[in-house]
Amino acid sequence: MLCGCTSHKLNKYENDKPEIIFEEFFDGKLKGWGIVQDWRGQVVRRFDVKMDGSWDGNNGVIDEIFEYYDGETQKRIWKVVKNNDGTYQGTAGDIIGGADGSVSGNTINWAYQMDLPVNGKTYRVKFDDWMWLMNDDVLVNRSYIKKFGITVAELTLFIQKVPEK
């Protein structure tokens, strides 16, 4: 289901290293830096993000604070459940109907819908998130934001684990 809306195939990454374990990477403090590009490729927003994740068995909470360079701040709290089949489901206040996630090798694919405010209007869009674990606990995230199946914007985010002191 997750791969049907993209040309990517998650199982292509099943042997890629370093292997990611979702609940291990998103446990503890993380920081990130990102950009949003419009359909023409122009950067329309830049942001920093701080995350704090915690897990109790198969249940996780990921608290995110986005600080945009234009002064806006957004907060999102994900509640994530790891299913018995190894897939993940997530909910957050601004996510419509929940999110579905799968992991293979070094890759996570996460798909969901949300109402996205843009210049005083709100658009219901689909996010097709692809995340790849790199060396040194760095995750590269590419999100394809789609409306009517057409990519209208892309988000690029680099996330790094914050070393424990």
Side-chain angles (χ1 to χ4, degrees), residues 1-10 12-13 20 22-23 25-27 29-54 59-83 87-104 107-134 138-162:
M1 178 181 125
L2 290 174
C3 297
C5 58
T6 182
S7 61
H8 290 115
K9 300 291 183 221
L10 185 61
K12 175 202 179 306
Y13 304 104
I20 188 162
F22 189 103
E23 57 273 28
F25 186 83
F26 289 101
D27 185 37
K29 296 194 180 305
L30 302 117
K31 61 182 177 178
W33 310 266
I35 59 171
V36 179
Q37 294 171 273
D38 67 14
W39 62 274
R40 294 174 297 238
Q42 294 181 358
V43 174
V44 294
R45 291 196 96 177
R46 296 178 298 148
F47 61 90
D48 297 335
V49 62
K50 295 176 186 170
M51 300 179 189
D52 193 4
S54 62
N59 298 298
V61 175
I62 304 168
D63 191 342
E64 302 175 327
I65 298 174
F66 290 86
E67 297 174 349
Y68 291 90
Y69 287 28
D70 62 12
E72 181 182 357
T73 299
Q74 290 179 339
K75 183 173 178 70
R76 179 175 299 113
I77 299 174
W78 284 98
K79 293 183 180 176
V80 182
V81 175
K82 182 178 182 179
N83 300 314
T87 62
Y88 296 82
Q89 291 194 274
T91 58
D94 57 350
I95 303 303
I96 310 298
D100 296 308
S102 293
V103 176
S104 184
T107 306
I108 299 170
N109 181 221
W110 197 240
Y112 53 93
Q113 288 186 69
M114 71 182 293
D115 289 334
L116 186 65
V118 178
N119 298 328
K121 294 183 179 180
T122 301
Y123 300 93
R124 180 150 301 172
V125 295
K126 291 183 178 183
F127 276 73
D128 185 19
D129 284 358
W130 287 86
M131 301 174 226
W132 295 272
L133 183 62
M134 310 298 284
V138 172
L139 189 76
V140 176
N141 181 181
R142 291 281 292 160
S143 297
Y144 302 91
I145 305 168
K146 299 179 180 187
K147 180 80 176 160
F148 304 119
I150 298 168
T151 300
V152 295
E154 294 183 18
L155 180 146
T156 304
L157 171 61
F158 298 91
I159 303 170
Q160 184 175 41
K161 297 217 23 121
V162 175

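Throughout, residue positions are numbered sequentially from 1 according to the sequence presented. Note that the coordinates shown come from a computational prediction; the quantities given were computed from them, not determined experimentally. These numbers come from the heavy atoms of this one structure, side chains and all, not from hydrogens, waters or symmetry mates.
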Next item on the list: Report the residue from Asp129, Asp100, Asp94 that forms a side-chain hydrogen bond (donor to acceptor under 3.5 Å, both in side chains) with Tyr112.
Entry: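 Among Asp129, Asp100, Asp94, the one that satisfies the side-chain hydrogen bond (donor to acceptor under 3.5 Å, both in side chains) with Tyr112 is Asp129.
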
Margin query: Just to verify, what does Lys75 make a salt bridge (charged side-chain N to carboxylate O under 4.0 Å, His left out) with, not counting sequence neighbours?
Written below: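 Scan of Lys75 (salt bridge (charged side-chain N to carboxylate O under 4.0 Å, His left out), adjacent residues dropped) gives Asp63.
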
Next item on the list: Using the test salt bridge (charged side-chain N to carboxylate O under 4.0 Å, His left out), find all partners of Lys126 that sit at least two apart in sequence or belong to another chain.
Entry: none

A side-chain contact here means heavy atoms from C-beta on lying under 4.5 Å apart; do [X] and [Y] qualify?
X	Y	result
Leu10	Trp130	yes
Ile65	Val49	no
Val80	Val61	no
Ile159	Met51	yes
Trp78	Phe26	no

Answer yes or no: does atom [atom1] of [X] have more than 12 heavy-atom neighbours from other residues, nucleotides or ligands under 6.0 Å?
X	atom1	answer
Trp33	CH2	yes
Tyr69	OH	yes
Arg46	CZ	no

Next item on the list: Give the intermediate values and the outcome of side chain to side chain contact (heavy atoms under 4.5 Å, CB included) for residues Gln37 and Gln42.
Entry: CA-CA 5 Å; Gln37 294 171 273; Gln42 294 181 358; over 6 Å; no

Check: Which atom pair, heavy atoms only, marks the closest approach of Ser143 to Asn141?
Finding: OG-ND2, 3.5 Å

Checklist line | Residue pair Trp110 / Gly101: nearest heavy atoms and the distance that separates them | finding: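 Looking at all heavy atoms of both residues, the closest pair is CE3-CA, 3.1 Å.
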
Distance (rounded to the nearest 0.5 Å) between [X] [atom1] and [Y] [atom2]:
X	Y	atom1	atom2	answer
Ile150	Trp39	CD1	CH2	11.0 Å
Thr87	Asn109	OG1	CG	12.0 Å
Lys82	Asn59	NZ	CG	12.0 Å
Met114	Ile145	CE	CD1	8.5 Å
Tyr13	Ser104	OH	OG	10.0 Å
Ile96	Thr91	CD1	OG1	12.0 Å

Notebook entry, point to check: Can you list the residues that meet the side-chain contact (heavy atoms from CB on, under 4.5 Å) rule with Tyr68, with sequence neighbours excluded?
Noted result: Arg45, Phe47, Phe66, Asp70, Glu72, Gln74

Notebook entry, point to check: Could you walk me through whether Phe158 and Leu139 pass the side chain to side chain contact (heavy atoms under 4.5 Å, CB included) check?
Noted result: CA-CA 6 Å; Phe158 298 91; Leu139 189 76; over 6 Å; no

Note to self: Determine whether Phe22 and Ile20 satisfy the following criterion, side chain to side chain contact (heavy atoms under 4.5 Å, CB included), listing intermediate values before the conclusion.
What the structure shows: CA-CA 6 Å; Phe22 189 103; Ile20 188 162; 5.7 Å; no

Next item on the list: Considering only NZ, NE, NH1 and NH2 on the basic side and carboxylate oxygens on the acidic side, decide whether Lys50 and Glu64 come within less than 4.0 Å.
Entry: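 So Lys50 does not pair with Glu64 through a salt bridge.
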
Margin query: Salt bridge or not between Lys31 and Asp48? Use side-chain N to carboxylate O under 4.0 Å.
Written below: no

Item checked: Backbone of Arg124 reached by a side-chain donor or acceptor of Lys147 within 3.5 Å -> yes

Item checked: side chain to side chain contact (heavy atoms under 4.5 Å, CB included) between Leu133 and Phe25, intermediate numbers included -> CA-CA 9 Å; Leu133 183 62; Phe25 186 83; 3.8 Å; yes

